[in-house]
Amino acid sequence: MRHLSTRKMKLLNLSLLIHLCSLLLVSTQPTDQPPFSCDSTDPLTKSYKFCKTTLPINRRVEDLVSRLTLDEKISQLVNTAAAIPRLGIPGYEWWSEALHGVAFVANISQGIRFNGTIRSATSFPQVILTAASFDPYLWYRIGQAKVKLDLDILSFSLCDYEQAIGIEARGVYNAGQARGMTFWTPNINIFRDPRWGRGQETPGEDPLVTGKYAVSFVRGIQGDSFEGGKLGESLQVSACCKHFTAYDLDNWKGINRFVFDANVTLQDLADTYQPPFQSCIEKGKASGVMCAYNRINGVPNCADYNLLSKTARGQWGFNGYITSDCDAVSIIYDEQGYVKEPEDAVADVLTAGMDLDCGEYLKNYTGSAIEKKKVAMSDIDRALHNLFSIRMRLGLFNGNPVKQPFGNIGSDQVCSQEHLNLALEAARNGIVLLKNDNRLLPLAKTEITSLAVIGPNANSSETLVGNYAGPPCNPVTPLQGLQSYVKNINYHPVDITFAKNDQNIGSIIWAGYPGEAGGRALAEIIFGDHNPGGRLPITWYPQNLTKIPMTDMRMRPEPSSGYPGRTYRFYQGLKVFEFGYGLSYTNYSYEFLPLTKDKVYLNNQSSDKIALGYKSVSEMGTELCEKSKLPVTVRVQNNGEMDGKHAVLLFVRQAKTGNERPIKQLVGFNNVDLKAGEKAEIKLELSPCEHLSSAEGDGQMVVDEGSYFLSIGDKESEITVVFSEDTSDAATSKLMILPRILIFFYIYSFIHSYAYCSEMN
């Protein structure tokens, strides 16, 4: 968002380094009753078709939009939508935040406030730390409220874990402290450059991880099942994937996000920047998307028809509303100079497929744009249809919310013990042990009598939560967490320069923004009550990376100019710590079990690209891609003396590198809890069309023929992609047919020859 900035902080110890960053935001707005439309006690509602819940939402929305005057229509195109008293429709605030807990941004008009019966909300770890757990089920559960047991079947099943952020959001609404249930989260931009302070909001640099995070989080917060497919029309709350697209620069050397024109290749868009949004829409079924401030190759994201309508809605099947980032419409004219007058900006965004303006521009200039015949009423009605559809899916036009499916969620489910326990679990599983020389950690509880805690954030509760946070329920700072183990602690705020190879630094722990339970989780790890298992979701680069302009959006390296590329998939320079790196107090070993097949046949009778050594994924078709999937099973063993939770990361690399293909890329991951000495088999799935493909220069996804190596830790398993026919099964039948044909030929030849000879005789 436009109104926030980022803080960068460090907390270091001569023997232990801990990194924490944050910003705490508090609310002081008044409370009221939960707003809703179609009050059954109002006689007028009986005559409104849009209040009849037995009708399909499309028909209800059509009826509602048909009743609006032009001024009323325009008033609904901005984030603070005006009330329509004559129809019994209250005002609505589209902008609310819930990045890692129900949040409130100070001095900004938003849909959530914290000065009624509910004064705080569970603050989970910031997304970058949660991503370090590599645990999609944890991402889905973040804020898990309860387990529903299906009593309609004979056996109990764990079905539909509800996500706590969504539960707490509903609790706040039911308490009358919310004017909206649309939350502009998650942030799924690729964290390609560590200088981007808002990278803390993202799941990291990998498109697969970011996409899986988006799917898990969105399914959870909107009320879907973990596997998806059970959402239906009703929404617990509405999620919004942002910032669409290729957005990761705020202000660098005078270039800000409002005027930045990102030069992005079709190749990088296809296999890096766009996949998380595609997953969020196609698999996560997100009901909202936010278009970003910046331009892509000259065109503002919010005015890009190809991006919003052709790609998101047309190709990916998006069914929801598209909002601008705040004031993104105004800057198209005011700062970017992309159009000649304000009405052109309004026309461009509505024509492109945007529905909602976070700001005032559409309210101020849509009327004059209509008068100048720059905007068609059909585009306004389409936007209103998308907007009111979401409000109806949220149940806000179904009468008293207390009588609705989520009406029994009370204030007691906000900051519940279950949610606080999950915040602790998430912090424990995300914290990463980066260095542990001579097994300095864990510290012995019985031997440590005094401890020096050095750094400006050691006793700051604000440091725990990161940005886009609400007031936490019960924050525990690192100092407070350590005091539960050691009473004699000296605390000094001092800055110490980080040095990976400094012998005075025996251990390094990365704690990101660990949330309100982060201090306790950190202390538990330091003193051995929890075994760290987090892995870095980003690459840690040396300082010389700062020589590269932040404005260079290229992912792939250019050796001729010395450009090293970005992220672990393409970067060819030195690294401080690798993506996926993380230590444990125990050690694990891996073993690939034999693959069901070590050759993948991708032949659909299309041979146009075979001579070039690759095939287009789109030409293979869905059926062939589904048939080519194969299971990958890995045996993991805990060889140490301490129980632990371990993230298993499956990478793939091509035997022949180069040709602008990734050096390696993550294709699957899972988590396993193992007791000391225990082993388990982890099952992953390899989808060649998805996991072995990469982008050509024109953005076309292709699969190369040849050898690939699957790798986990130091173990590898080879698999080969073949474009010829699979003869493994058919060959047998063909070989059986061939001798019969030959026998027939020999018999026929013999008879024919015999007959000929007889005639001659």
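Excluded from the calculations below are hydrogen atoms, water molecules and symmetry mates; all remaining heavy atoms, backbone and side chain alike, are included.
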* Asked: In terms of side-chain geometry, is the basic nitrogen of Lys230 or Asp224 positioned less than 4.0 Å from the acidic oxygen of its partner?
  -> no
* Are Tyr321 and Trp94 near enough that their ring centres are under 6.0 Å apart? -> yes
* **Salt-bridge present (Asp379, Arg382; N to O < 4.0 Å)** => yes
* To do: Tell me yes or no: between the side chains of Ser287 and Gln222, is some donor less than 3.5 Å from an acceptor?
  => yes
* Structure fact -> By salt bridge (charged side-chain N to carboxylate O under 4.0 Å, His left out), Glu227 pairs with (sequence neighbours left out) none
* Between Tyr213 and Trp139, ring centroids under 6.0 Å -> yes
* To do: May I ask you to test the Leu208-Lys212 pair for a side-chain heavy-atom distance under 4.5 Å?
  => yes
* Asked: What residues form a salt bridge (charged side-chain N to carboxylate O under 4.0 Å, His left out) with Arg569, not counting sequence neighbours?
  -> none
* Mind checking the CG-CG spacing from Leu68 to Asp63? Nearest 0.5 Å is all I need. => 9.5 Å
* **Pairing residues for Lys374 by the salt bridge (charged side-chain N to carboxylate O under 4.0 Å, His left out) criterion, not counting sequence neighbours** => Glu341, Asp344
* Structure fact -> Tightest non-hydrogen contact, residues Asp39 and Thr41, listed as OD1-OG1, 2.8 Å
* Would you say the ring centroid of Phe258 lies under 6.0 angstrom from that of Tyr293? -> yes
* Would Asp71 and Lys363 pass as an ion pair if we require N to O under 4.0 Å? -> no
* **Basic-acidic side-chain contact under 4.0 Å: Arg59, Glu62** => no
